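Presented below is the structure to which this report refers.
Note that the structure is a prediction, hence the values are computed from the model and not measured. Residue numbers count from 1 along this sequence. Heavy atoms only: backbone and side chains are in, while hydrogens, waters and symmetry mates are out.
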Amino acid sequence: MGKRTVYHVVSGGDDWSIKKEGSGRASATAPTKSAAIGRAVELAKNSGGLAQVKIHNEDGKIASERTYGQDPRKYPG
């Protein structure tokens, strides 16, 4: 199974940034949090494999996570 691509939606002050984990710069920016989430979901779904979006609050703490693609299950059922 391939490696998971992870995108973080973080506050950048006046705007929101979508940063791919391990990358030095933002993949995209948006004026609102909801627009940034929408763009991050689009990037994750188009990544071609297992992907995850981690949505942060303005204080930097992770508020929620979304997984796309075939997420391996730990338990059957």
Side-chain angles (χ1 to χ4, degrees):
M1 177 168 276
K3 187 177 176 182
R4 179 184 305 215
T5 303
V6 180
Y7 293 96
H8 294 266
V9 175
V10 295
S11 176
D14 293 337
D15 59 1
W16 288 81
S17 299
I18 300 104
K19 295 185 177 180
K20 185 176 179 181
E21 198 166 88
S23 178
R25 62 183 185 97
S27 299
T29 60
T32 64
K33 185 176 184 178
S34 62
I37 292 169
R39 180 68 179 130
V41 168
E42 184 180 310
L43 290 169
K45 286 182 176 180
N46 291 331
S47 69
L50 185 60
Q52 187 174 33
V53 175
K54 294 186 179 186
I55 303 163
H56 296 257
N57 289 325
E58 286 190 28
D59 64 4
K61 293 181 181 178
I62 295 175
S64 64
E65 299 179 15
R66 300 178 184 180
T67 304
Y68 301 93
Q70 291 186 324
D71 192 18
R73 296 180 69 86
K74 291 183 181 179
Y75 307 102

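- Evaluation of the ring pair (Phe, Tyr, Trp, His ring centres under 6.0 Å) test over residues 22-55, restricted to residues two or more places apart or in two chains, returns none.
- A40 meets the side-chain contact (heavy atoms from CB on, under 4.5 Å) test with V9, I18, V53; sequence neighbours excluded.
- Each salt bridge (charged side-chain N to carboxylate O under 4.0 Å, His left out) pair with one or both residues in residues 50-69, not counting sequence neighbours, would appear here, but there are none.
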Run the side-chain donor-acceptor check on residues 44-51: report pairs under 3.5 Å with partners two or more places apart or on a different chain.
unit_1 : atom_1 : unit_2 : atom_2 : d
N46    : ND2    : E42    : O      : 3.2
S47    : OG     : A44    : O      : 2.8

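- I37 and V6 fall into different hydrophobic clusters, defined by Ile, Leu, Val, Met, Phe, Trp and Tyr side-chain heavy atoms under 4.5 Å apart, directly or through other members.
- For residues 18-30, the pairs satisfying side chain to side chain donor-acceptor pair (under 3.5 Å) are H8-E21, with sequence neighbours left out.
- Taking A63 as the reference, N57 meet the side-chain contact (heavy atoms from CB on, under 4.5 Å) condition, with sequence neighbours excluded.
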